[in-house]
Amino acid sequence: MLDNLKPKIEDIITNHKLLKDEKLQNICELLRAEVNYYDWVGFYFHKQEEKVLELGPYAGNPTDHTLIPFGKGICGQVALSNENFVVPDVKAQDNYIACSFTVKSEIVVPIFVNGQNIGQIDIDSETLNPFTGDDERFLEWVCAQVAEVISKN
């Protein structure tokens, strides 16, 4: 099912009429609409000097977490580890920042440009343990597409 979304994402990426943030917003909205357990989809980007992540385009309920210090929460940990982080049950994580009491699971995949972690895609789910290896591989592919857009700007 996830692979069926690749052509739609490629269409967004290659649409020269859209600005970078519009492309990212459209990707968030597409993923949230098409994957029933992707309840909140957003991008965070590094602000290296301040050592924080800044919220970029997203789809889902508004969040107070517009700035996340490196190392704090799942997103902040990925900013330092440079590795995917899949959380089957957020209640089992000590270093979890609760965005909503309805969130049960989270997946965060870093975005690399020229080998440097510059941000990440963050997905919250209201379903317990929905993310599989297929989600990870698909989101790695999405992040590679996003990296292409970012490197051209």
Side-chain angles (χ1 to χ4, degrees), residues 1-48 52-68 70 73-90 96-97 99-100 102-153:
M1 178 203 65
L2 295 171
D3 283 342
N4 295 339
L5 296 176
K6 287 182 177 181
K8 293 178 181 181
I9 289 172
E10 288 170 340
D11 287 346
I12 292 169
I13 296 292
T14 58
N15 185 336
H16 300 295
K17 295 178 183 176
L18 296 176
L19 298 173
K20 177 189 77 170
D21 280 353
E22 291 173 315
K23 291 178 182 186
L24 298 179
Q25 184 66 48
N26 288 351
I27 289 169
C28 291
E29 290 171 6
L30 173 73
L31 293 178
R32 185 167 182 254
E34 295 289 330
V35 184
N36 65 354
Y37 53 94
Y38 286 13
D39 296 300
W40 190 94
V41 179
F43 290 99
Y44 282 94
F45 292 100
H46 290 205
K47 291 183 78 169
Q48 280 301 105
V52 297
L53 294 162
E54 183 173 42
L55 181 62
Y58 70 93
N61 291 331
T63 179
D64 291 335
H65 304 290
T66 57
L67 293 174
I68 299 175
F70 285 11
I74 307 309
C75 291
Q77 290 176 73
V78 170
L80 296 176
S81 74
N82 299 323
E83 296 178 2
N84 300 351
F85 200 154
V86 180
V87 182
D89 181 356
V90 297
Y96 173 70
I97 301 171
C99 292
S100 166
T102 60
V103 174
K104 292 187 172 65
S105 307
E106 184 173 10
I107 185 170
V108 179
V109 176
I111 302 166
F112 295 96
V113 173
N114 299 322
Q116 184 176 6
N117 181 347
I118 58 96
Q120 54 202 225
I121 191 168
D122 176 24
I123 299 178
D124 292 340
S125 180
E126 296 176 4
T127 303
L128 194 61
N129 196 19
F131 304 114
T132 67
D134 289 342
D135 291 284
E136 276 194 85
R137 284 185 296 279
F138 172 69
L139 293 171
E140 287 169 351
W141 179 86
V142 169
C143 287
Q145 304 309 303
V146 168
E148 287 292 316
V149 170
I150 291 169
S151 66
K152 291 178 182 173
N153 284 310

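The basis for the numbers below is simple: all heavy atoms, side chains too, and nothing from hydrogens, waters or symmetry mates. Sequential numbering from 1 along the given sequence is applied to the chain's residues.
- Proximity of a side-chain donor or acceptor of W40 to a complementary backbone N or O of S125 within less than 3.5 Å is not detected.
- Considering CG of L30 and CD1 of I27, their distance stands at 8.0 Å, rounded to 0.5 Å.
- Residue I9 holds its CD1 atom at 11.5 Å from OG1 of T14, rounded to the nearest 0.5 Å.
- Note: E22 CD to E29 CD = 10.5 Å, rounded to the nearest 0.5 Å.
- In this structure, D21 and P57 approach most closely via the heavy-atom pair O-CG, 3.7 Å.
- In this pair, Y38 and F131 present their aromatic rings tilted. The plane angle is within the 30 to 60° band.
- For the atom pair CD of E54 and NZ of K47, the computed distance is 4.5 Å after rounding to the nearest 0.5 Å.
- Salt bridge D11/K8: absent, no basic N to carboxylate O contact under 4.0 Å.
- Nearest approach of G76 to I68, heavy atoms of both residues: N-CG2, 4.1 Å.
- Across all their heavy atoms, A79 and Q120 have their closest contact at N-NE2, 3.8 Å.
- One finds the CD1 atom of I111 at 10.5 Å from the CG atom of L139 (value rounded to the nearest 0.5 Å).
- When all heavy atoms are compared, the tightest approach of N84 to P110 is OD1-CD, 3.2 Å.
- Taking all atoms of both residues into account, the shortest heavy-atom contact from F112 to A147 is O-CB, 3.2 Å.
- In this structure, the ring of Y44 has its center no less than 6.0 angstrom from the ring center of H65.
- Looking at every heavy atom in both residues, P130 comes nearest to Y37 through CB-CD1, 3.5 Å.
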